[in-house]
Amino acid sequence: MNRYLKAVLGIVVLFAIGLVFYFMFSATYGDGLEKTMEESGIQEHGPVYTAPFAYGDDYFAALVAGLIGGGITFGIVYGYLRVARRKRSEAESNETP
Amino acid sequence: MHIPDGLMTPEAVAAGWLVALVTLAFCILKVNRRVDDKVIPFMAILAAGIFVAQMINFPVWGGTTGHLLGAALATILLGPYAAIIVISVILIIQCLVFGDGGLTALGLNITNMAVVGCLSSWLIFRPISRRSERAGVLLAAWTSVFVAAAITAAELTISYDVSGGAYGIVGTLSIPLMLGYHALIGIGEAVITSAIFIYLSKVAPDTLRMKIGKKETAS
């Protein structure tokens, strides 16, 4: 388990450092599709659904958003795989009584 | 490359949902049959890592930025079925929790970035990695971004043509712009994916053999 804790800490540290460079160099620019839309004169429509959170416009807001999003992603993938693993064990034990 | 609401024609949106849901159901069936204890924390941490990595855009050229897609990295480490699930979960959370990508376009975003991104990188990685694993990683990562962008450009073009210009972007603009920008963004993807792969091969080589879906991983 120790190595997984190290991996999580490594990701958090790299994310915290990477965000500094993001806000220094790229936060104001769009990605490839946004740039394509901009150069084609396409206006983005309003979203049909308003999400509860945003990525944040400053360093600390983005850091917290990333940690929340990463945590939710971890929880959903972990939870799904645990359920799948338990179902697989139950199915196998039913096959070989 | 997250498509917003209202950009694509309703037919393209519906087709995106169909491809995404059918593929996801197939991948869940495959992964459910093969999942074992050792892969669970690794897959969850990798998913969280790709989520935060996607938030860090790097400058590319001409006022454009790109970020890691992670489809190739997940595919190379987990195999295509688990990778499609991981990238799809990330896209669903980005959309529902952070409003990144339109809700109606979520099916198309899953199709383009998860399904196309993972399958295209797998089709490249498998044959090339038999000769050189590192070349396979490099080319698979670049291909995943470029092919996903090409499919998105095709969807933009078809949406434009089908709707008579009400949706999408005309092909003479969407195809060269999407392919040009993403050919460059793909280089960033290839560099980052290769760096992570080389790092893992040195510090945790067992993580390179955790693919779900291969018979030998079944316990």
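What you see below is based on every heavy atom in this structure, not just the backbone, and it leaves out hydrogens, waters and symmetry mates. Chain letters run A, B, ... following the sequence lines, proteins first and then strands; every chain starts at 1.
If you measure heavy-atom distances from A/Ala65 to chain B, the contacts under 4.5 Å come from both the backbone and the side chain. Residue B/Ile28 touches chain A through both its backbone and its side chain, counting heavy-atom pairs closer than 4.5 Å. The contact between B/Ile45 and chain A is made by backbone and side chain atoms together, counting heavy-atom distances below 4.5 Å. At a 4.5 Å heavy-atom cutoff, the contact between B/Leu96 and chain A is made by backbone and side-chain atoms alike. Looking at A/Ile42, only its side chain comes within 4.5 Å of chain B, counting heavy atoms on both sides. For B/Ala105, no part lies near chain A; criterion is any non-hydrogen pair under 4.5 Å. In this structure, chain A has heavy atoms under 4.5 Å from both the backbone and the side chain of B/Val97. For B/Ile85, the part lying under 4.5 angstrom from a heavy atom of chain A is the side chain only. For B/Tyr181, the part lying near chain A is the side chain, with the backbone staying farther off; criterion is any non-hydrogen pair under 4.5 Å. If you measure heavy-atom distances from A/Phe21 to chain B, you find no contacts under 4.5 Å at all. Proximity to chain A (any heavy atom under 4.5 Å) is restricted, for B/Thr207, to the side chain, taken from C-beta onward. Both the backbone and the side chain of B/Gln94 come within less than 4.5 Å of a heavy atom of chain A.
Proximity of B/Ile185 to B/Met1: side-chain heavy atoms (C-beta onward) are nowhere separated by under 4.5 Å. Inter-residue side-chain proximity for A/Leu33 and A/Met37 is flagged as met; some heavy-atom pair is nearer than 4.5 Å. Residues A/Ser40 and B/Leu177 have side chains in contact (heavy-atom distance under 4.5 Å, counting atoms from C-beta outward). Between B/Thr152 and B/Met113 there is no side-chain heavy-atom pair separated by less than 4.5 Å. Using a 4.5 Å heavy-atom cutoff, the side chains of B/Phe42 and B/Leu77 are in contact. No side-chain heavy atom of A/Tyr22 sits under 4.5 Å from any side-chain heavy atom of B/His67. Counting heavy atoms from C-beta on, the side chains of B/Ile169 and B/Met178 never come closer than 4.5 Å. Using a 4.5 Å heavy-atom cutoff, the side chains of B/Met43 and B/Val86 are in contact.
Among the candidates A/Ala62, A/Ala7, A/Gly32, the residue making the largest number of heavy-atom pairs closer than 4.5 Å to chain B is A/Gly32. Comparing A/Ser89, A/Gly69, A/Ala84, A/Pro47 by how many heavy-atom pairs each has under 4.5 Å with chain B, the most go to A/Gly69. When the candidates B/Leu7, B/Leu103, B/Asn57 are compared by the number of heavy-atom contacts under 4.5 Å with chain A, B/Asn57 comes out ahead. Here B/Thr64 is the residue among B/Leu173, B/Thr104, B/Thr64, B/Ile90 with the most heavy-atom pairs under 4.5 Å with chain A. Counting heavy-atom pairs under 4.5 Å between each of A/Ile11, A/Val48, A/Val8 and chain B puts A/Val48 at the top. Listed options B/Val31, B/Ile40, B/Asp100, B/Leu46 were ranked by heavy-atom pairs under 4.5 angstrom with chain A; first place goes to B/Ile40. Listed options B/Gly102, B/Gly99, B/Gly63 were ranked by heavy-atom pairs under 4.5 angstrom with chain A; first place goes to B/Gly63. Between chain B and the options A/Gly30, A/Ala27, A/Gly18, A/Ala54, the largest number of non-hydrogen pairs under 4.5 Å is found for A/Gly30. Heavy-atom pairs under 4.5 Å with chain A peak, among B/Val52, B/Asn32, B/Leu156, at B/Val52.
For B/Thr143 and B/Ser120, the side-chain atoms include no donor-acceptor pair closer than 3.5 Å.
No option in A/Arg86, A/Arg82, A/Arg88 other than A/Arg82 meets the salt bridge (charged side-chain N to carboxylate O under 4.0 Å, His left out) test with B/Asp37.
For B/Phe98 and B/Phe51, the ring centers sit closer than 6.0 Å to each other.
The aromatic rings of B/Phe26 and B/Tyr81 sit perpendicular to each other, their planes meeting at more than 60°, with 30° as the lower class boundary.
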Run the side chain to side chain contact (heavy atoms under 4.5 Å, CB included) test on B/Thr65 and A/Lys35 for me, step by step, so that the C-alpha distance in whole Å, both residues' side-chain angles and the decisive distance to 0.1 Å come before the verdict.
CA-CA 9 Å; B/Thr65 64; A/Lys35 188 76 178 166; over 6 Å; no
